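A quick write-up on the structure given underneath.
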Amino acid sequence: RFIGVKMKLIDKKVYVIGTRKQQNESWETSGATYGNLVDVQSTADGLAKVFSGEVKVFVFDRAREIVNVDLNYKELDR
């Protein structure tokens with residue numbers, strides 16, 4: 001019989017750069033994700049200089065689980 005599992009959730013932010021040519025269009029992304037705010041802002045600033053439309057950084061929160069397992073097994077009484 002399995003006795004216990006300890007689990008922690010770690011909050012992690014993921015950044016995506018979106019672009020659109022006109023305000024009434026939907027946002028498009030390249031699919032690239034960034035884990036560092038400084039990197040994504042630098043990339044978005046460079047893109048804004050060469051892209052004629054809007055450039056925006058989107059932030060997504062994603063929880064990642066870290067599992068610590070206690071292996072406490074006990075034989076059933078027979």
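Nothing fancy with the numbering, it's 1 onward along the sequence. Because the structure is a prediction, the values reported are computed rather than measured.
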Looking only at non-hydrogen atoms, find the nearest pair between [X] and [Y] and report the distance.
X: R20; Y: F51; result: O-CE2, 3.5 Å
X: V16; Y: F60; result: CG2-CE1, 3.8 Å
X: A44; Y: I17; result: N-CD1, 3.7 Å
X: V40; Y: Y34; result: CG2-CD1, 3.5 Å

**OP:** Please say whether more than 12 non-hydrogen atoms of neighbouring residues, nucleotides or ligands are located less than 6.0 Å from CD in E25.
**Re:** yes

Subject >> Gap separating the CD atom of Q22 from the CD atom of E54, nearest 0.5 angstrom >> reply: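 The CD atom of E54 is 10.0 Å from CD of Q22, to the nearest 0.5 Å.
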
Original post:
In Å, rounded to the nearest 0.5 Å, how long is the span from CD of Q41 to CG of N36?
Top reply: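 Q41 CD to N36 CG: 9.0 Å, rounded to 0.5 Å.
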
Original post:
Honestly curious: do V57 and W27 fall in one hydrophobic cluster under the side-chain, below-4.5 Å linking rule?
Top reply: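 No, separate clusters.
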
Original post:
Going hydrophobic residue to hydrophobic residue with side-chain gaps under 4.5 angstrom, can you get from V59 over to V55?
Top reply: yes

Original post:
Do any N or O atoms from the side chain of S42 and from the backbone of V38 form a donor-acceptor pair under 3.5 angstrom?
Top reply: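 Between the backbone of V38 and the side chain of S42 there is no qualifying donor-acceptor contact (under 3.5 Å).
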
